[in-house]
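Read the structure below first, then the notes.
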Amino acid sequence: MSGQRKRIAECFHRLQAEGKTALITFVTAGDPDLDTSEQLMYELVEAGADILELGVPFSDPMADGPVIQQANERALAHNVSLANVMELVARFRTQDQQTPVVLMGYLNPIERMGYEEFASAAQNAGVDGVLTVDMPVEESGNYRATLSKVGLDTVFLVAPTSGPDRSQMIADASSGFLYYVSVKGVTGGIKADFSQVRETVEGLKALGGAPVGVGFGISSPEDAAIVAAFSDAVVVGSAIIKQLESAPGQAGIRAAADLVGQLRTAMDAAVGV
Amino acid sequence: MLKQQQNSKAGSLPDEAGHFGDFGGKFVAETLMQPLRELEEAYAACKADPEFQQILNADLQHYVGRPSPLYLAERLTQQVGGAAIYLKREDLNHTGAHKINNTVGQALVAARMGKKRIIAETGAGQHGVATATVAARLGLECVVYMGSEDIQRQSLNVYRMRLLGATVVSVESGSKTLKDAMNEAMRDWVANVDNTFYIIGTVAGPHPYPMMVRDFQIVIGEESRQQMLKQHGGLPDSVVACVGGGSNAIGMFHAFLEDQQVEIFGVEAGGDGVDTGRHAAPLCAGRPGVLHGNRTYLMQDDNGQIIETHSISAGLDYPGVGPEHSWLKESGRVGYVNITDDQAMAAFHQLTLTEGIMPALESSHAMAYGVELAASMSADQAVLICLSGRGDKDVHTVAALQGIEV
Ligand SMILES: Cc1ncc(COP(=O)(O)O)c(C=O)c1O
């Protein structure tokens, strides 16, 4: 829809003016239930998250390690659907009109709903961007056209295996931000080699595309600080979910928010703000 | 001459990007896109290399035991009282199923690519055994992912894999069957892509797998066609194969696709019956979607979640199907039908008692439909059934159904 706010771009502009690196948090929607997710979204923002990534539960999360797999299973235990996730975003939007929300998930639920219907529902709910893990640029023509028509950003992944030609193609197709997967592997796995990551991210930033975020291999405030120094955004997921599941109810939410607070502090210190 | 013609037709699909019409493609996380490209290039080079083809053919002959016989099941034909029933004896291959045709081929590609570690997923364990076998022969490390439910059902094959030096990893996620084993193998591949070759066991997965696995299985139909011409004096009127992921079926069907007078049937697992919802028949009762790297018919709910499947045969217990089958369904060239657990069991006993051939439970689905078809046909007609594997691995399951512990 024309005239829609580009919350992701606004967010990066504001942070750039403040000299900050964006902190993007990932949690699976509906883990362990939708009310918890809604409260968690406010708490994560309060603790210093700039952009919220919401995982859309899927039965076969092929690119995820055990932590996020189990988060998916907990959400699916009570049938949290793509439609439910958009209802969650709509509820969040009644309280928060500023923080960008990106849906991250797998293609099949979107295929089932249909690209057109998905795009308009997401736009109405107040979703800002979509990252579909198993949708490579080559297959994405129709998907990108449909989503961008309603003003949704399409975030794509770049991997250590991508090489220069693919990286350029992906940078050209990405909007909102470009997501560099800093390890060869699934989410929540091994730690990235940050000097290698730095070199690649600097190359990606020179491609002239959207801001570059880094994720998959970042779990501690120390990691986040290192990466914040050279990237536009840091994405943390499994580590936050681990905190969330470390204790039931409010204590889990508290633990997750505490980690996000520590990530924020460490990142801001690293860039000198 | 004939062979060459068929090859060029078989090669016309998929397109460059791996599409069979609306189906197929490459739907994987970015990390795997470049490795898939490398695999495509390596495989194309192998395919074009006469020396590779020569080594492959020699392996198929001396190691696998090809050509596999075409057998006229005379007593069964008499008992059924219709068309002549011919069985393509893939059960007589080394390791007992058609799966080895593909693993021998992919292992040669892996060796050419310099990969030192092989991974695979398995359901019934036949593909796992066939992979562990070729890995042992080439001295490669081998890790096989298998759902914990299947490990229970197919303990004999688990032990065979271990004897062959493979590590069998029990997969506890999701439904704990073949689809979850495939997820886990993909996760391993993403993490170890530099030194690891993933041998997918059926015509599913991202491009180029559906094409490559098909090419390695096409030998089934090519041999069958020539054997039918020689032994029967003509083409079969109908061709039947069971469809899990669809590799034995696509391998059997390809040589007959251009023969419009030949009816072709793929038999899915009807489980407790397609109307009960407890089955594994995506082509009969599923809808198109995206799973495991390709667009194809899937068993899924209204939210796009993959649903649990049920079949008495572990090798058919998969919610998806190779994309080329989805295309053959839509094009109308192949008819897809299903056979229930009970019908498959009856066919298992029937073939065992009339011919002294114990079929795999997967193949028993093809037998059940083929026999039904033969009964409706006349004595001057012929049905060709792909007997994709032998039933030794299923003896425990059959015994348990009869309340017997062996
Ligand atoms: C004997 C046999 N037949 C058939 C199948 C099903 O696989 P596909 O449909 O790929 O031939 C299997 C799988 O394990 C098998 O072991």
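Numbered from 1 within each chain, the chains take letters A, B, ... in sequence-line order. Fair warning: this is a prediction, and the values are worked out from it, not measured in the lab.
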Inset, instruction - Identify which part of B/P35 has an atom lying under 4.5 Å from any heavy atom of chain A, answering side chain, backbone, both or neither. - result: side chain
Inset, instruction - Pick one of side chain, backbone, both or neither for A/V137, based on which atoms fall under 4.5 Å of a heavy atom in chain B. - result: neither
Legend entry - Top contributor to chain A contacts, counting heavy-atom pairs under 4.5 Å, from B/M186, B/R295, B/M182: B/R295
Legend entry - B/F20 and B/W327 aromatic ring geometry - parallel, tilted or perpendicular at 30°/60° bounds: tilted
Legend entry - Any B/L39 side-chain heavy atom under 4.5 Å of B/M212 side chain: yes
Legend entry - A/E111 side chain vs B/P288 backbone, donor-acceptor pair below 3.5 Å: no
Legend entry - Heavy-atom contact with chain A under 4.5 Å, split by part of B/I307: neither
Inset, instruction - Please determine, among A/A83, A/P160, A/A159, the option with the most heavy-atom pairs under 4.5 Å with chain B. - result: A/A159
Legend entry - side-chain contact (heavy atoms from CB on, under 4.5 Å) partner of A/T132, the single match among A/I110, A/N108, A/V155: A/I110
Legend entry - Approximate separation, where rounding is to 0.5 Å, of A/L34 CG and A/E87 CD: 8.0 Å
Legend entry - Where at least one partner belongs to residues 57-83 of chain A, residue pairs that pass ring pair (Phe, Tyr, Trp, His ring centres under 6.0 Å), sequence neighbours excluded: A/F58-A/Y106
Legend entry - Toward chain B, the part of A/L157 with a non-hydrogen atom under 4.5 Å: both
Inset, instruction - Answer yes or no: are there more than 12 heavy-atom neighbours, outside B/E38 itself, under 6.0 Å from its atom CD? - result: yes
Inset, instruction - Could you point out which residue of A/V183, A/V197, A/V227 forms a side-chain contact (heavy atoms from CB on, under 4.5 Å) with A/I218? - result: A/V227
Legend entry - Max heavy-atom pair count under 4.5 Å with chain B, selected residue of A/V181, A/L82, A/L76, A/N72: A/L76
Inset, instruction - Among A/A63, A/S140, A/G65, A/S81, single out the residue with the greatest number of heavy-atom pairs under 4.5 Å to chain B. - result: A/S81
Legend entry - Part of residues 192-204 of chain B lying next to chain A, heavy-atom separation under 4.5 Å: B/V193, B/D194
Inset, instruction - Answer with side chain, backbone, both or neither: which region of B/R37 has an atom nearer than 4.5 Å to a non-hydrogen atom of chain A? - result: neither
Legend entry - Residue part contacting chain B, namely of A/D64, when any heavy atom lies under 4.5 Å: backbone
Legend entry - Contact origin within A/P61 toward chain B - heavy atom pairs under 4.5 Å: both
Inset, instruction - Decide yes or no for A/F156 and A/R144: does some side-chain heavy atom of the first lie under 4.5 Å from some side-chain heavy atom of the second? - result: yes
Legend entry - Structural part of A/V56 lying under 4.5 Å from a heavy atom of chain B: neither
Inset, instruction - For the pair A/F12 and A/F177, name the ring-plane relationship: parallel under 30°, tilted 30 to 60°, perpendicular over 60°. - result: tilted
Legend entry - Greatest number of heavy atom pairs closer than 4.5 Å to chain B - which of A/G185, A/G189, A/S162: A/G185
Legend entry - Interchain contact, B/H19 with chain A, by part (heavy-atom threshold 4.5 Å): side chain
Inset, instruction - Answer yes if the side chains of A/E116 and A/T146 hold a donor-acceptor pair under 3.5 Å, and no otherwise. - result: no
Legend entry - B/M146 and B/Q154, any side-chain heavy atoms less than 4.5 Å apart: yes
Legend entry - Close side-chain approach of A/Y179 and B/E30, heavy atoms under 4.5 Å: no
